Amino acid sequence: MNDLLNELNEAQRVAVESAKGPVMIIAGAGSGKTRVITYRTAYLIHSVGASPHQILALTFTNRAAAEMRERIETLLGNGSTDGLWIGTFHANFARLLRQHISALGFTSNFSIYDAEDSQRVMKDIMTELGLNAQTLSPNTVQSKISAAKNKFILPAEFEQTARDYVDEKIAHIYRRYAERLRKNNALDFDDLLIKPIELFLQRPDILEFYQSRFAYLMIDEYQDTNRAQYLVSKMLAAKHRNICVVGDDAQSIYSWRGADISNILGFQQDYPDAVTVRLEENYRSTKVILKAANSIIKRNREQLEKKLFTQNETGEPITLMVADDERREADKISFAIRNLKVTKGFSNRDFAIFYRTNAQSRAIEDALRANAIPYKIFGNISFYKRKEIKDVVAYLRFALNEQDEESLLRIINVPTRGIGETSLDKLRQLAASEGVSIYDVMKRAAMYPDVPVRLISPLGEFRMLIESMQETAKKYSAYQVVAELYEKTRLLELLKQENTSEANARYDNLQEFLSLAKSFSDQNEGDDSLKTFLENVSLVNETEDKDESDNKVSLMTIHSAKGLEFPVVFVSGLEEKLFPLNPDDAKDLEEERRLFYVAVTRARQKLHVTYAKSRYRFGNLQPTLKSRFIDELDGDVVQTESGQFLRDLRAAEKEKKRIVRDDYSQETYEDFSEFSDNWKRPERKSASPKPSTLPTSPALSIGMKVQHKIFGSGKVIALQGVGDDAKVRVFFKTAGEKTLVVKYANLTPYN
């Protein structure tokens, strides 16, 4: 074993040999975390003399557990892990509950409900309570109950803390849901985490048994644990206190699914005598990439101190690419991939393109396809194959072709209209008996005695929607048809009300589809707009995924990228309110910064960061603001496409600000030589600035002092354009010079 330990660096060896007492291993990106956990487990068995059955190792994926078990057996020999409890929280605690759950009134053959099973039970309960799915989404109910369980909030406590109508209704559902699960002798996935806590609280003897048995507790990805996982781990470790947690607070990016970063940040408060080991040597990335990563994460206030370093090569500078819009951004990424394949010999599989939201993949997919670059969507499905997109496409297809019964059956209950399978079977039977289409029966539903009265109204509303879309398609563009569909079905509104992470992603995807329709309609005027638009979408789907080889560019959200690495990485869409998604909330901003850190540290050799100056939002091309994260990157390691280092550009900008600041009170702006002729400049040293004669905005004039909710106080130094195209250039005291669109700037004049 000592020979094997010689393969570790100094920090890794300290982590492995710290066998007794509480230990926190802060494992930086690419620092050999899995190797350390594997070697530490082997060390406990081989050198400390621990029996495998005394060790409980908790992971977040079955794959990680299987890999660790295999590596341990490679180190110690076959059979060396017999009796070792190594697996996910859910798997290990399901195993424990099978033996003891009778103490909680269940039998050992309990069922485990997945998310679909759980939601079906909740829907039944909502029906019993007379709650309409259109006023209270089942997804919202499921999400809130799951979040409560992750925080170990049981039904009684949830009911006591309910603050509004929605929470009160969910409290009733939660209580009945718990009762129904008990009646069905079933647990859901969240119960696998909270039932052990209930068990230990009710049966201290069972807790004492497992505290004695598991003399050593190890937890991987500790920064991703929720409240329930924290509590049960602390209970199990209370006797021997040989608890070792491994994680990286800088990679805590899952708060939206219950992860609580305070668990890892507060570990030393829970265990003041804990040994802390920092794994800071990175074996993955170049020095340049790590310098950029360190410059990002140091901005966060809530963090455990560490600084990554590497013995790897210095590497190439990071490339900053700027595009006019998202389509040009995608084109630039595609061109860069083609160029690197030719000049550096990379294969398609060496490239990964990251984005903050799934909706961004559409433009990138289109560009890669146009350039004959094969790709795969990692951790998700192609934009055009997502359920909500296929639903909308089915609506459009049926509006053009009433004989398309596959599309009809897909959309008849989207959104929910109370037309279930039993009702559809009745409509099918009537259509078959009369030799007509199902839609023909729907049109004349009131004429059939066999059609339940309750279906007459929803079927009539559906027919009116389709007919209205058909009329719109005859006169107007594809964009207007899609917009009408959204309005009359309330698809976007319902997803907003649902307000879960899944619903928000679907909302973004539908908005992106609306933007796609708008972009297409702007470029393809004339008759048959909807027909041509659908043909284009259908051809995209038809030509997708024909290349079955694995030599493809990887596309994924940054959340999906955690744990992966690639030679070349593109991080796209670095714009305010996209990445970071919510810059106005300090806590969210820190998590967004950690997400950027994760993205950067996935790259081994070459990193590109990109943003677009404008992007389609809600069907309209809107200007964007460059992400603050670009300004936080170390300027010594980032180059523009023209080869200029950001440090030099920032130095020039700083000098320009100095000139303006020195002359701030005198209204001298002649040093801004980069202003084009169509920018209106003020006259030099005017004691009373003259109002601009440009019809940009009656509320703004050159020299006026203004307030911005993000950038603070500043002074108008130039105006350009008219109407919706009007722009204003402002020098802000703290943020420097910014060019804003007057329509969206919301500037407030002050004296």
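It should be emphasised that the depicted structure is a prediction, and the values quoted were computed from it without experimental measurement. Count residues from 1 along the sequence.
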Residues Glu502, Asn139; criterion side chain to side chain donor-acceptor pair (under 3.5 Å); working and verdict: CA-CA 9 Å; Glu502 179 186 357; Asn139 285 337; 5.0 Å; no
Side chain to side chain donor-acceptor pair (under 3.5 Å) evaluation trace for Ser51 with His53: CA-CA 5 Å; Ser51 169; His53 88 275; 2.8 Å; yes
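Of the residues Lys239, Arg213, Arg203, the one that meets the salt bridge (charged side-chain N to carboxylate O under 4.0 Å, His left out) test with Glu208 is Lys239. With Leu56 as the partner, the side chain to side chain contact (heavy atoms under 4.5 Å, CB included) test is satisfied by one option alone out of Leu217, Leu84, Ile243: Leu217.
A donor-acceptor distance shorter than 3.5 angstrom exists from the side chain of Ser295 to the backbone of Asp634, with no hydrogens or angles considered.
Residues Ser627 and Glu576 have side chains in contact (heavy-atom distance under 4.5 Å, counting atoms from C-beta outward). When side chains are defined from C-beta on, Thr286 does not count as touching Arg604, because their heavy atoms never get closer than 4.5 Å. Considering only heavy atoms from C-beta on, Val245 stays 4.5 Å or farther from Gln223 through its side chain. Looking at Pro22 and Phe267, their side chains come closer than 4.5 Å, going by heavy atoms from C-beta outward. Annotation: side chain of Gln229 is not in contact with side chain of Asp224 (no heavy-atom distance under 4.5 Å).
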Show which side-chain atoms of residues 302-309 pair as donor or acceptor with protein atoms under 3.5 Å away, not counting sequence neighbours.
from   : atom 1 : to     : atom 2 : distance (Å)
Gln303 : NE2    : Ile297 : O      : 2.8
Gln303 : NE2    : Asn300 : O      : 2.6
Lys306 : NZ     : Asp248 : OD1    : 3.0
Lys306 : NZ     : Asp249 : OD1    : 3.1

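Centroid-to-centroid, the aromatic rings of Phe60 and Phe89 come within less than 6.0 Å. Less than 6.0 angstrom separates the ring centroid of His100 from the ring centroid of Tyr210.
Residues satisfying the side-chain hydrogen bond (donor to acceptor under 3.5 Å, both in side chains) test with Ser111, not counting sequence neighbours, are none. The side-chain contact (heavy atoms from CB on, under 4.5 Å) check on Ala228 picks up Leu193, Ile194, Ile197, Asn226, with sequence neighbours excluded.
Counting all heavy atoms, side chain and backbone alike, Arg628 lies closest to Pro583 at NH2-CB, 3.2 Å.
Figure legend: Arg98 and Phe110 shown as a cation-pi pair, the cationic atom lying under 6.0 angstrom from the six-membered ring centre and within 45 degrees of its axis.
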